[in-house]
Amino acid sequence: QKEVEQNSGPLSVPEGAIASLNCTYSDRGSQSFFWYRQYSGKSPELIMSIYSNGDKEDGRFTAQLNKASQYVSLLIRDSQPSDSATYLCAVNMNTGGFKTIFGAGTRLFVKA
Amino acid sequence: DAGVIQSPRHEVTEMGQEVTLRCKPISGHDYLFWYRQTMMRGLELLIYFNNNVPIDDSGMPEDRFSAKMPNASFSTLKIQPSEPRDSAVYFCASSWDNRGTEAFFGQGTRLTVV
């Protein structure tokens, strides 16, 4: 099992719809979780971090964490074409020292 | 602050040549990370430093790869000799800690080994 797993997509949604991105992780002791957005040819940039079970909202973005299920998700409401990018799930794990491990990313396309 | 600065942005080299990638982290950040990104393997952590000291290099693929951080404002990743399978985008990132804070990424170096 990979340490951080994501569906590679592509995920295609119409403009104005909700995009739902999912991620599972292997280390039950993980405490810090992040969503990065990466536009084509650019570097990753942080859009959300979450540390406690439940939901965390920031504008059109909501991160959801369920540690019992080892599952973290990102919802993007009112999706815009400018949201088209690859979304990377990242989990800080203690694997003989703390490291942030990235998933392979999910490509999102928002159709105008 | 200008953010994490990497150089060069693009590098094309012949197989067998030495390649050196450079990184200047954000001032005040105690942690520096080197990542490699490919389509097949995604974003992989190669090595990270805390206060200029290498902490975990378990992600370095082979002895051909080496990294140094001689001071708080400069780090290098060297590949010698380079091989075509080293072709990737190499990112440097820095952060205040290694647990719960954001890592800021540089613009990356796109390496092509022919």
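Chain A is the first sequence line, chain B the second, and so forth, proteins listed ahead of strands; every chain is numbered from 1.
For chain B, the option among A:Phe102, A:Phe98, A:Phe34 with the highest count of heavy-atom pairs below 4.5 Å is A:Phe98. Between chain A and the options B:Arg110, B:Gln107, B:Met39, B:Arg99, the largest number of non-hydrogen pairs under 4.5 Å is found for B:Arg99.
If you measure heavy-atom distances from B:Gln37 to chain A, the contacts under 4.5 Å come from the side chain alone. In this structure, chain A has a heavy atom under 4.5 Å from the side chain of B:Ser58, while its backbone stays farther away. Of the two parts of B:Phe104, neither the backbone nor the side chain holds a non-hydrogen atom closer than 4.5 Å to a non-hydrogen atom of chain A. Heavy-atom distances place the side chain of B:Tyr48, and not its backbone, under 4.5 Å from chain A. At a 4.5 Å heavy-atom cutoff, B:Ala93 makes no contact with chain A through either its backbone or its side chain. In this structure, chain B has a heavy atom under 4.5 Å from the side chain of A:Tyr36, while its backbone stays farther away. For A:Ile101, no part lies near chain B; criterion is any non-hydrogen pair under 4.5 Å.
Hydrophobic clustering places A:Val4 together with A:Leu74 (ILVMFWY residues linked when any side-chain heavy atoms are closer than 4.5 Å, directly or through intermediates). Hydrophobic clustering, with ILVMFWY side chains joined whenever heavy atoms are under 4.5 angstrom apart, keeps B:Val4 apart from B:Tyr35. B:Tyr31 and B:Ile26 fall into different hydrophobic clusters, where Ile, Leu, Val, Met, Phe, Trp and Tyr are joined by side-chain heavy atoms under 4.5 Å apart, directly or via other members. No continuous path of ILVMFWY side-chain contacts below 4.5 Å connects B:Phe33 to B:Met69, so the two sit in separate hydrophobic clusters. Under the 4.5 Å side-chain heavy-atom criterion for grouping Ile, Leu, Val, Met, Phe, Trp and Tyr, B:Met60 is connected to B:Phe49 within one hydrophobic cluster.
No side-chain heavy atom of A:Thr100 sits less than 4.5 Å from a side-chain heavy atom of B:Leu45.
Of all non-hydrogen atoms in B:Gly106 and A:Ser43, the two that sit nearest each other are O-CB, 3.0 Å. Among all heavy-atom pairs drawn from B:Phe91 and A:Lys42, the shortest one is CZ-O, 3.9 Å. Across all non-hydrogen atoms, the minimal contact from B:Asn98 to A:Lys99 is ND2-N, 4.3 Å.
For B:Arg41, the CZ atom counts as loosely surrounded, since its 6.0 Å shell holds 12 or fewer non-hydrogen atoms of other residues, nucleotides or ligands. Counted within 6.0 Å of CD1 on A:Ile18, heavy atoms from surrounding residues, nucleotides or ligands total 12 or fewer; the atom is thus considered open. Counting non-hydrogen atoms of other residues, nucleotides and ligands closer than 6.0 Å to CG of B:Asn71 gives a total above 12.
For residues 44-67 of chain A, heavy-atom neighbours of chain B at less than 4.5 Å comprise A:Pro44, A:Leu46, A:Tyr51, sorted by residue number.
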Which side-chain N or O atoms in residues 76-87 of chain B pair as donor and acceptor under 3.5 Å with protein atoms at least two apart or in another chain?
from, atom 1, to, atom 2, distance (Å)
B:Gln80, OE1, B:Glu18, N, 3.2
B:Ser82, OG, B:Glu14, O, 3.4
B:Ser82, OG, B:Gln17, O, 2.7
B:Glu83, OE1, B:Arg85, NE, 2.6
B:Glu83, OE1, B:Arg85, NH2, 3.0
B:Arg85, NH1, B:Glu62, OE2, 2.8
B:Arg85, NH2, B:Glu62, OE1, 3.4
B:Arg85, NH2, B:Glu62, OE2, 2.8
B:Asp86, OD1, B:Arg64, NH2, 2.9
B:Asp86, OD2, B:Arg64, NH1, 2.7
B:Asp86, OD2, B:Arg64, NH2, 3.4
B:Asp86, OD2, B:Glu83, N, 2.8
B:Ser87, OG, B:Pro84, O, 2.9
B:Ser87, OG, B:Val113, N, 2.9

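Between B:Leu43 atom CG and A:Thr86 atom OG1 the span is 11.5 Å, to the nearest 0.5 Å.
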